[in-house]
Amino acid sequence: HSIKMAGFRDDQKCTFPLQSIQDVVKLFRIELERGDEPNLALLSIVVGSVENLLTCNRYLSPRNETESEQNVKPNFPILELSTVEALYCKFESQIKGCVDVTQYRGNSYASRELVKKTSDIIWSSLTRSYCKDRAHLQTLYSYLTASDLQHDCSWLLKLERVATQKAGSKKDLLSERERGSWRYPILMATQGNKLDCFGVAFAVVAACQILGYSDVHLALSEDHAWVIFGKDGEETAEVTWHGKGNEDKRGQPVCGPTAQKSWLYLNGHPVKCNRHTEVAALVSGINPSISATADSKELATLQQKLLWLLYDQGDLKNYPMAIGNLGDLEEINPTPGRSSPIDLFHQAIFAAQTHYANHHVYPYTYLGGFFYRNGQYKDALEAWANAADVIRKYNYGREDEEIYKEFLEIANDLIPHLVKVVSNQAIEAPEKAESNCLHDPQCFAHLLRFYDGLCAWEEESSTPVLHIGWARPLVATISKFPAKTRSHVDIKISEEKEEKVDDEKNGSVNRRHSHGRRDSLQKNDVKNEEDIVKTKVNGSTNVSDKKAGK
Ligand SMILES: CC1(C)CN=C(N2CCN(c3ncnc4sc(CC(F)F)cc34)CC2)S1
């Protein structure tokens, strides 16, 4: 049956061909500022095309012809409207060809069947087997074009070079524009649909937008993505897989015991996107890495400018990770007149505290990582202790590996390194010993709070967290703090009766006994209040706060 192709509007077309970072930013500005919804499929194809050219296809522009292939420095590809339209129409016809919306006519909200059907279309068209955590698999460009040929791309470039050299005279040199467009049909010819976990979820939302369902939106945790739909976005559905070796739960709602306690689902505090936040997720997902050691500067600059555009529109206000990504980019390449990385990381923390009941870990690890890289070790320990105060709210489950690895690296790699550096400082510059971290009880208090959070995370969990591999670095770290420092940390055992603390972990009321051990009680078996005491850990410094590096 004939499918009506919705071409692009004039204000979208007028920005093509895209030949610079500014052109792409202008297209995004038009999409974001217009009254109607930004077109997720269009923007994903554009970003994916540019990313592919700047990282996989090591774009050669005529000016670089003479330079040897190795140190080619791309400036910016030329992205033709025809290429983007062709890929968009391919996606649109595939989706509209497979979903008979007349079957769902009537209710203006999407149904679970429709969401599952859309997910099945994307899912069943993915290449059989491929490396799922490879880079550059997050956009519709990757889904709609062959990535297999990318490896042969050098063959393609050599073929072109031979062809143009054969042509001899200048006039036969194909213009970059023609060569560029000629190059695409081959990439489109073979199937090669690849997407990563996030890419599948994004593709489902983009497909539902094309089908006219404005209620289907992306829900994002710190390591997973699913969709919300229906009246007030009350319905949830898994649409993609998570991790390795986990059976996918596509079509099922996100609920039940696993979703309530595990970090993977953020205990009911995921980022619930609107169309603008979905554009922010697409931009956050831009991956400038060319190789393990090299990044495309152009692509990083594009990502940074697009994030500032979204920031200025207020679209990052409830998206802590996107603000964190911007902070990382600003650390590498500061934009004059803009917020500092530390300000941005604090804005991400504020967003998590304001919108998500402080249930997100990454805002604190963004900040901790920044302090660590910049040698501000006391602040790093405090940020990591705050991160541990978040994870203590959860039970550790088998799909929480990513955050487990994050804390493992902090505890067994970053903190031991930090402690080695400061103990060398104490030896090399004894006169500065007073401001040294190892002589600051507050640093030791942060360390204890960090480990206490990990212990609390483990309690009542189905899977243990800590093991002997954690103990060795812990002992080494603690023993670097002199007894004098440790003695100044007063662990207050106050006899006052503790307020009931409703720990969101499992609805139980948590109380602390005099030994600081946490013993969670179920709601119904309330113990005798008198033996409940409160323990507080904080460092009282033997130097003024100022000198303690506050
Ligand atoms: C402090 C860190 C270790 C540095 N980067 C971190 N990131 C955390 C993950 N990142 C993200 N940045 C924006 N949005 C999202 S949504 C998502 C889950 C996925 F399944 F959809 C991940 C993620 C970006 C990078 S955490």
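Keep in mind that the numbers below use all heavy atoms, side chains included, and drop hydrogens, waters and symmetry copies. Small disclaimer: the values here were computed from a predicted structure and weren't measured. Just so you know, ligand 1 is whichever comes first in the structure, and atom 1 is the first atom listed for that ligand.
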| Is it true that a side-chain atom of Glu51 and a backbone atom of Leu299 form a donor plus acceptor pair closer than 3.5 Å? |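 Not confirmed, Glu51 side chain does not pair with Leu299 backbone.
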| message | Any donor-acceptor pair under 3.5 Å linking the side-chain atoms of Asn412 with those of Arg472? | response |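 No, because no side-chain N or O of Arg472 sits under 3.5 Å from a partner of the opposite role on Asn412.
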| field | Ser49-Asn52 side chain donor-acceptor pair, cut-off 3.5 Å | value |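 Distance-only check fails for Ser49 and Asn52.
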For [X], which part has a heavy atom under 4.0 Å from ligand 1: side chain, backbone, both, or neither?
X	result
Ala225	both
Val271	neither
Ser221	backbone

| field | Contact with ligand 1 for His242, non-hydrogen, under 4.0 angstrom | value |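 The answer is no, since His242 has no heavy atom less than 4.0 Å from ligand 1.
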| query | Looking only at heavy atoms of Gly368, does any of them come nearer than 4.0 Å to an atom of ligand 1? | reply |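 Gly368 does not count as a contact of ligand 1 under the 4.0 Å cut-off.
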| remark: A student checking ligand 1 against Asp223 at a 4.0 Å heavy-atom cut-off should list atoms 18 (C), 20 (F)
| message | Out of Ile323, Val200, Asn325, who is nearest to atom 12 (N) of ligand 1 when you count heavy atoms only? | response | Asn325
| Under 30°, 30 to 60°, or over 60°: which ring-plane class applies to Trp241 and Trp123, parallel, tilted or perpendicular? | perpendicular
| Nearest neighbour in protein (non-hydrogen) for atom 23 (C) of ligand 1 |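 Answer for atom 23 (C) of ligand 1: Met321 SD, 3.5 Å.
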